Chemist: 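This is the structure I have questions about; it appears just below.
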Amino acid sequence: MTQAIEFPAESLAGRGAAPLQVVVGFSPGSASDDIANLMAPAIGRESGRAVEIHRIQGEDGARAARFVAASKDADVLLIATLGTHALLPNAQPDAGYDPIEDFTPVILLAQAPMILATGASSPYRTLGDVLAACRAGPGRRSFAASATVGAPFLATQLFSRKAHIDLNTVIYDQTNELYADLAAGRVDFSFNNLMSMLPRIRRGELHALAVTSPTRIPLLPDVPSVAEMGMPDCVVLNWLGLVGSKSLPSQRAEMLNAACRSALASGEIASALERSGLSSTPGSADGFGRFMHAERVRWDALSNVGADELGSVAILSQS
């Protein structure tokens, strides 16, 4: 799928410049897809460039990352995530790209915790219910995740370890299919991104059980954090940012950074992020580079643990 959004204005490189290409490595309905579609019009207005969104899905975002890493075009950008630039390169050293050396950082766009949710008609109403069910039948309760290496899978893995429970993990490569099965009760639970979970909770399709932030979040004040329920180390904040290949000069990266910061500060984007529960504290391009390096170091040990430690793992591919 390709979405093109045109803005007739002066560009960073002058009138008539080619469109900016923003590559998304995940399926429709994913946090990467949502943030790209939210930001593209505003980035276009601020930069004066046409913006096109391209999806190169597969391998938990690695296909898209390799494509951008190999690009010689400074106008090709990638929605980078906790998964693509901290977890996957640790878990799969042969992924075909280096998350630091092969990219030019542009900006950290947003961060948010995961939500643990179940179907609205599920009998499980609290985190205590989840723990009791998992302990009563080890490996029998199913947890859906939208990638084998990513923030939802990481949250599931961390929860399994800290709660000392065995899970039946079901991996989807189509986020919308995951949510359909979760709402229908074909899978029991899922840790997933706030941006895609929250609308479904508001529509009454899903029931929120816990969040992976250190404390409760304002948009869900009655939903406890996993940390406050006795697992203080079970904190996962997914993040989304923008990077280019090494062909992107640092001066251009800073210009894009300024355009993105202006977009994030606009009332339209700030309100949309607030409604979605995402926090945005954008800094410099270099600062984002240091942040990505620190995240890779932080999650190194856990992201190298094999999926088999979660119990049985099934992969549902809709491609």
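Computed from a predicted model, the values in this text were never measured in an experiment.
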Chemist: So, do Leu158 and Met231 sit near enough that their side-chain heavy atoms are less than 4.5 Å apart?
Modeler: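 With C-beta onward as the side chain, the pair stays apart.
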Chemist: Out of curiosity, does Ile100 fall in the hydrophobic cluster containing Val76 (side-chain heavy atoms, cut-off under 4.5 Å, transitive links)?
Modeler: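 Same hydrophobic cluster.
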Chemist: Check Ser30, Ser146, Ser27 against Thr175 for a side chain to side chain donor-acceptor pair (under 3.5 Å) and give me the one that passes.
Modeler: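 Between Thr175 and the candidates, side chain to side chain donor-acceptor pair (under 3.5 Å) is satisfied uniquely by Ser27.
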Chemist: Any chance you could measure Phe191, atom CZ, to Leu116, atom CG, to the nearest 0.5 Å?
Modeler: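 Atom-to-atom, Phe191:CZ and Leu116:CG are 4.0 Å apart.
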Chemist: Does a side-chain heavy-atom distance below 4.5 Å link Ile201 with His207?
Modeler: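 SC-SC contact between Ile201 and His207 ruled out.
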Chemist: Is the shortest side-chain N to carboxylate O distance from Arg49 to Asp75 below 4.0 Å?
Modeler: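 A salt bridge is present here (some side-chain N lies under 4.0 Å from a carboxylate O).
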Chemist: Find out whether Leu131 and Arg135 are in side-chain contact, i.e. whether some heavy atom of one side chain is under 4.5 Å from a heavy atom of the other.
Modeler: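 Leu131 vs Arg135: side chains touch.
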Chemist: Run the salt bridge (Lys or Arg N to Asp or Glu O under 4.0 Å) test against Arg186 and tell me which residues pass, sequence neighbours left out.
Modeler: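 Residues passing salt bridge (Lys or Arg N to Asp or Glu O under 4.0 Å) with Arg186: Asp181.
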Chemist: When you check the gap from the basic side-chain N to the acidic O, do Glu59 and Arg66 get nearer than 4.0 Å?
Modeler: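 Looking at Arg66 together with Glu59, the answer is yes, because their closest N to O distance falls below 4.0 Å.
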Chemist: May I ask you to say whether Glu254 pairs ionically with Arg261, meaning some side-chain N is under 4.0 Å from a carboxylate O?
Modeler: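 No.
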Chemist: Checking the side chain of Thr81 only, and the main-chain atoms of Leu240 only, is there a donor and an acceptor separated by less than 3.5 Å?
Modeler: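 Checking the backbone N and O of Leu240 against the side chain of Thr81, no donor-acceptor pair under 3.5 Å is found.
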Chemist: Taking the side chain as everything from C-beta on, heavy atoms only, tell me whether Leu206 gets closer than 4.5 Å to Met197.
Modeler: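 Yes, close enough: below the 4.5 Å cut-off.
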Chemist: Can you tell me how far the CG atom of Asp129 sits from the CZ atom of Arg141, to the nearest 0.5 Å?
Modeler: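 Interatomic distance, Asp129 CG to Arg141 CZ, rounded to 0.5 Å: 11.5 Å.
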Chemist: Which side-chain hydrogen bond (donor to acceptor under 3.5 Å, both in side chains) pairs, counting each pair once, include a residue from residues 273-294, with sequence neighbours left out?
Modeler: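 Residue pairs passing side-chain hydrogen bond (donor to acceptor under 3.5 Å, both in side chains), neighbours aside: none found.
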Chemist: What distance do Ile115 atom CD1 and Asn193 atom CG have between them, rounded to the nearest 0.5 Å?
Modeler: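 Result: 9.0 Å between the selected atoms.
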Chemist: Same hydrophobic cluster for Phe26 and Val23, using side-chain heavy-atom links shorter than 4.5 Å among ILVMFWY?
Modeler: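 No, because Phe26 and Val23 fall into different hydrophobic clusters, even though each may have its own neighbours under 4.5 Å.
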Chemist: Check this for me, if you would: do Asp33 and Arg55 make a salt bridge, where the nitrogen-to-carboxylate-oxygen distance has to be below 4.0 angstrom?
Modeler: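 Yes.
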Chemist: Between Asn238 and Met114, is any pair of side-chain heavy atoms under 4.5 Å apart?
Modeler: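 Result yes, sub-4.5 Å side-chain heavy-atom pair found.
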Chemist: What I want to check is whether the side chains of Ser142 and Asn168 have a donor and an acceptor closer together than 3.5 Å.
Modeler: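 Absent: no donor and acceptor within the cut-off.
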Chemist: Is the Phe103 to His85 ring centre distance short of 6.0 Å?
Modeler: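 Yes; His85 has its ring centre under 6.0 Å from that of Phe103.
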Chemist: Look up atom CD in Gln57 and atom CG in Asp173, then write down how far apart they are to the nearest 0.5 Å.
Modeler: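 Those atoms lie 5.5 Å apart.
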Chemist: Applying salt bridge (charged side-chain N to carboxylate O under 4.0 Å, His left out), which residue pairs with at least one partner in residues 193-208 are found, sequence neighbours left out?
Modeler: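 Every salt bridge (charged side-chain N to carboxylate O under 4.0 Å, His left out) pair that includes a residue of residues 193-208, provided the two are not neighbours, is Arg203-Glu205.
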Chemist: Does some side-chain heavy atom of Leu182 sit less than 4.5 Å from a side-chain heavy atom of Tyr172?
Modeler: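 SC-SC contact between Tyr172 and Leu182 ruled out.
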